[in-house]
Amino acid sequence: MVGVSSSAADFRAGFACFVGRPNVGKSTLMNALVGTKVAITSSKPQTTRRAIRGIVHRPDAQLVIVDTPGLHRPRTLLGERLDSLVLSTLTEVDVIGFCVPANEPVGKGDRFIAEKLAAVKKTPVVAVVTKCDLATREQIAAQLLAVSQLAEFAEIVPVSAESGEQLDVVADVLIDRLPESPPLYEGGQLTDEPEQVLVGELIREAALEGVRDELPHSIAVVVDEMLPREGRDDLLDIYAHMFVERPSQKAIVIGHRGARLKEVGSQARRQIEALLGSRVYLDLRISVAKDWQRDPKQLRRLGFYD
Ligand SMILES: Nc1nc2c(ncn2[C@@H]2O[C@H](COP(=O)(O)OP(=O)(O)OP(=O)(O)O)[C@@H](O)[C@H]2O)c(=O)[nH]1
Ligand SMILES: [Mg+2]
């Protein structure tokens, strides 16, 4: 455990999770609160596929945020697995942050989630109206009202992860609902995701850039090996595999004479080097794992368990 000068009595620590429809800004908000990129983000819905923890350190508190995949009516076995991951996370946290964007009408998807949250009776739910920089004051006021009519919430807070406005308020209302406890993680630790997972996610994020339609959902990445180059302490060799579901998708990702794959590789490498603070050689291969989103065996191989 970590040495802190304050006594446990005036220190709070615990878990909050962010839930909401896909693409409402959950991961961006977690990253903004943590102050670094823990989870990848993209303009494509269903970017997050794991419950990723980011840790906010304050002198009076430690807030562990669990970012979850967007909750939606699933169309594939992967979708079902992700939804059940979210639902099991709900029961394991001290407070739930239900994210609804300021710039889209409250709809079916939000009501679907509000119903699921109502079933978790013991845990307080804070509604977070995200992306407020994309809405006018009037729109934000109307959205706060619309959200208040969805269900009973402990609080409703508007925020913008982009501009940083109200980030401190979101942290405050979540921390208010944490138990008194000594810190759960070492000071300075920002996530407990293994490096290999973060690296795989950065590769997937780079691959999501510029692809459309169903393709973003079809991409999965596995990092097979990460090891220092023999005889060198300044270079890391990373062997990774990208999977898509069909040969036609493989052709798109590779691009004309391999141009796209090369671009994805160098974009990912820059991000990985920034994360690890080391030079990186990235060996990135691509294979077809036919219809992996619907195949229990392939899902297991790609790290999605039931
Ligand atoms: N302008 C603006 N854009 C935002 C804000 N928060 C998120 N975004 C954008 O919204 C898109 C989705 O953000 P994510 O954080 O990936 O959304 P998510 O809810 O984690 O999505 P899933 O993981 O797919 O469920 C990205 O293009 C973000 O840049 C915000 O506060 N302001
Ligand atoms: Mg996300």
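First listed ligand is number 1; within each ligand, the first listed atom is number 1.
- Only the backbone of Ser42 comes within 4.0 Å of ligand 1, counting heavy atoms alone; no side-chain atom from C-beta on gets that close.
- Within a 6.0 Å sphere centred on CZ of Arg58, heavy atoms belonging to other residues, nucleotides or ligands number more than 12.
- The distance criterion of under 3.5 Å between nitrogen or oxygen atoms is met by Gly25 with respect to ligand 1.
- Taking distance alone, with nitrogen or oxygen atoms compared against 3.5 Å, Thr48 approaches ligand 1 more closely than that limit.
- Side-chain N or O atoms of Asn31 include none that pairs as donor or acceptor with a backbone N or O of Thr28 at under 3.5 Å.
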For side-chain hydrogen bond (donor to acceptor under 3.5 Å, both in side chains), just list the numbers for Ser27 and Thr41, CA-CA rounded to whole Å, side-chain angles, deciding distance to a tenth of an Å, and then say yes or no.
-> CA-CA 6 Å; Ser27 302; Thr41 63; over 6 Å; no
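- Looking only at protein N/O/S atoms, the ones less than 2.8 Å from the Mg ion (ligand 2) make 2 in total.
- Within a 6.0 Å radius of CZ in Arg232, more than 12 heavy atoms belonging to other residues, nucleotides or ligands are found.
- Residues Arg279 and Leu236 have side chains not in contact (no heavy-atom distance under 4.5 Å, counting atoms from C-beta outward).
- A salt bridge does not link Lys131 with Glu104: none of the charged nitrogens is closer than 4.0 Å to a carboxylate oxygen.
- No side-chain donor from either of Tyr239 and Arg285 sits under 3.5 Å from a side-chain acceptor of the other.
- Considering both main-chain and side-chain atoms, Lys26 comes within under 3.5 Å of ligand 1 through a nitrogen or oxygen pair.
- Within the structure, the ring-ring contact (aromatic ring centres under 6.0 Å, His included) test picks out the following pairs touching residues 241-277 (sequence neighbours left out): His241-Phe243.
- Using a 4.0 angstrom heavy-atom cutoff, Gly20 does not count as in contact with ligand 1.
- Heavy-atom contacts of Ser160 reach the following atoms of ligand 1: 31 (O) (cutoff under 4.0 Å).
- Residues Lys37 and Glu201 are not in side-chain contact: their nearest non-hydrogen atoms beyond the backbone lie 4.5 Å or more apart.
- Checked by atom type and distance alone, the side chain of Lys290 never pairs as donor or acceptor with a backbone atom of Arg246 at under 3.5 Å.
- Between the side chains of Asp133 and Ser163, not a single donor N or O lies within less than 3.5 Å of an accepting N or O.
- The part of Gln46 lying near ligand 1 is the backbone, judged by heavy-atom distances below 4.0 Å.
- In the vicinity of Ser43, heavy-atom distances shorter than 4.0 Å reach the ligand 1 atoms 27 (O).
- When the shell of 6.0 Å around CD of Gln149 is examined, it contains more than 12 heavy atoms from other residues, nucleotides or ligands.
- With a 4.0 Å heavy-atom cut-off, ligand 1 is reached by the side chain of Leu134 but not by its N, CA, C or O.
- Remark: minimum distance from atom 1 (N) of ligand 1 to any protein heavy atom is reached at Asp133 OD2, 2.8 Å.
- Numbered from 1 in the order shown, with element, the atoms of ligand 1 that lie under 4.0 Å from a heavy atom of Asn23 read 11 (C), 12 (C), 17 (O), 18 (P), 19 (O), 21 (O), 22 (P), 24 (O), 25 (O).
- Residues satisfying the side-chain hydrogen bond (donor to acceptor under 3.5 Å, both in side chains) criterion with Gln139, sequence neighbours excluded, are Thr136.
- At under 3.5 Å, not a single nitrogen or oxygen of Pro45, backbone or side chain, sits near a nitrogen or oxygen of ligand 1.
- Here the shortest heavy-atom distance to atom 4 (C) of ligand 1, taken over Met30, Lys131, Glu205, belongs to Lys131.
- When every heavy atom of Val157 is checked against every heavy atom of Val173, the shortest pair comes out as CG2-CG2, 3.8 Å.
- The ring-ring contact (aromatic ring centres under 6.0 Å, His included) contacts involving residues 270-306 comprise nothing, where partners must be two or more places apart or lie in separate chains.
- Considering backbone and side-chain atoms alike, Ile40 places every N or O at 3.5 Å or more from each N or O of ligand 1.
- Checking only distances, Gly70 does come within under 3.5 Å of ligand 1, N or O to N or O.
- Not a single heavy atom of Thr130 lies less than 4.0 angstrom from ligand 1.
- The shortest N or O to N or O distance between Asp67 and ligand 1 is not below 3.5 Å.
- For the residues Leu29, Val86, Thr28, Leu167, the heavy atom positioned nearest atom 13 (O) of ligand 1 is part of Thr28.
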